[in-house]
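Atoms within a ligand are numbered from 1 in the order they appear, just like the ligands themselves. Since the model is a prediction, treat every value here as computed from it, not as a measurement.
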Amino acid sequence: MNNPPLLTQDGRTLAEVRADFPMLQASENERPLIYFNSGATSLKPESVLQAMTEYYRSYGVNVARGVDAIGYKATNAFESVRAQTAHFIGARQAHEIVFTRNTTEALNLIAYSYGDAHVEAGDEIVVSETEHHANYVPWQELAKRRRAKLIVVKPDSNGTVTPALLEAALSPRTKIVALFHVSNVLGASNDLKALAALAHTAGAVLVADGAQGIVHSRPAVADWDVDFYAFSAHKLCGPTGLGLLYGKQTLLAEMAPWQFGGEMIDVVDVFDSTFAEAPQRFEAGTMAIAEVIGWGEAMRYIDRIGYDFIHTQNLRLATRLVEGLQRLDTVEIYNPHNAANAVVAYNIKGVHPHDAAGIYDREGISIRAGHHCNQPTMRFLGVQSTLRASLSFYNTPEEVDHFLEVSTKAGDFLDVLF
Ligand SMILES: Cc1ncc(COP(=O)(O)O)c(C=O)c1O
């Protein structure tokens with residue numbers, strides 16, 4: 001059955017959208033690249049590259065350091081992206097947005113700055129059994145530093161941490177609940193609004209790892225009442241090297257800086273210093289200015305595409321892919337029910353994922369094989385590693401069909417090789 005044609009928010013077709021991405025003209029092993037690894041990083045549209053080049057070519061000076069007109073232009077461009085990000089994710093105020101290097105650094109910032117100040121010996125930190133390493137190891141380390149207890153919640157069979165599961169893990173000693181918004185392996189979604197409300201009843205804060213969540217739907221951080229929400233620009237058409245951290249103003253205002261140096265300072269005396277207000281107190285040194293400007297354009301690009309287009313494309317493509325794989329008895333799928341988030345974790349029976357990925361690669365298809373920086377989820381699934389196809393709104397049904405043909409061949413691995 002053919003789906004009706006889909007148009008972006010600004011009335012364009014998928015073919016027109018694909019023309020925005022220079023990498024979709026690239027080849028892999030002399031075949032047109034089929035990029036099914038967007039969960040690792042998304043491709044970048046030309047307009048984002050142009051915005052960054054334009055900064056370097058015509059106003060590429062440092063921010064908050066000059067009183068000249070060009071310095072103001074760069075500073076205004078940089079700071080306007082803070083306000084734009086706040087609006088994009090439903091935060092109330094621009095100064096609730098901190099620029100970091102990536103999601104990983106944002107989560108570490110919370111663990112050191114909020115965690116070290118609030119977690120005492122015997123307190124509890126709740127995570128799930130299926131967190132990405134970036135939202136697992138910082139809490140493990142915090143627990144060790146503070147002699148606190150790490151409570152690890154097992155999600156339901158779909159990979160979701162339901163409110164009931166979280167409720168059972170909370171206690172009066174819980175200080176931090178750190179959970180994914182969308183899982184990078186199972187594509188499961190957590191209901192952050194319900195989970196935040198529960199965490200608050202226990203007197204804890206909710207830290208949300210939004211690295212994959214931001215890709216699939218627009219967050220509403222103030223409405224959901226999450227305390228922190230961390231994500232990376234590079235997963236949603238933006239540049240690498242830039243993370244975004246939302247923190248409630250009341251929390252950021254009382255948190256201590258965790259890195260020290262230029263621009264995060266107020267007064268530097270001989271033996272002591274005072275620090276700037278949040279968010280600048282968390283932004284030591286020269287920031288990723290071109291990347292911030294590129295991220296501003298990425299948000300404008302996503303607004304032109306629209307999350308409705310993204311959602312419908314993902315759902316159609318991933319459903320086609322899952323249904324195709326389900327017809328192959330050589331394939332085991334670990335998350336058949338999460339197509340909306342366009343991540344499919346699977347294995348080809350009897351074939352090591354790295355060998356299988358090599359077969360896809362020879363056919364021009366880029367997918368991921370391994371533990372996906374998520375060994376906890378591998379333990380949850382009882383496997384060493386998996387294949388992962390992660391799709392995006394710029395993929396096509398024809399690409400999915402080619403992927404399914406190669407998956408059929410890969411099921412007969414020895415025949416393919418010899
Ligand atoms: C769910 C999740 N959390 C955190 C991260 C870490 O993101 P980054 O490498 O940009 O810090 C990723 C990246 O794959 C992810 O998928």
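By the 4.0 Å N-to-carboxylate-O rule, D116 lies close enough to R145 to be salt-bridged with it. Ion pair R304/D20 not flagged as a salt bridge, since none of the NZ, NE, NH1 or NH2 atoms sits closer than 4.0 Å to an Asp/Glu carboxylate oxygen. Classification of R320 and D401 as a salt-bridged pair holds, one side-chain N sitting under 4.0 Å from a carboxylate O.
Between Y346 and F403, the ring-plane angle classifies as perpendicular under the 30° and 60° cut-offs. The aromatic rings of Y301 and F393 sit tilted, their planes meeting at an angle between 30° and 60°.
Enumerated by chain and number, the residues approaching ligand 1 to less than 4.0 Å through a heavy atom are N102, T103, T104, H132, A134, N184, D209, A211, Q212, S232, H234, K235.
By the 6.0 Å contact criterion, NE2 on H87 is open, its count of non-hydrogen atoms from other residues, nucleotides or ligands being 12 or less.
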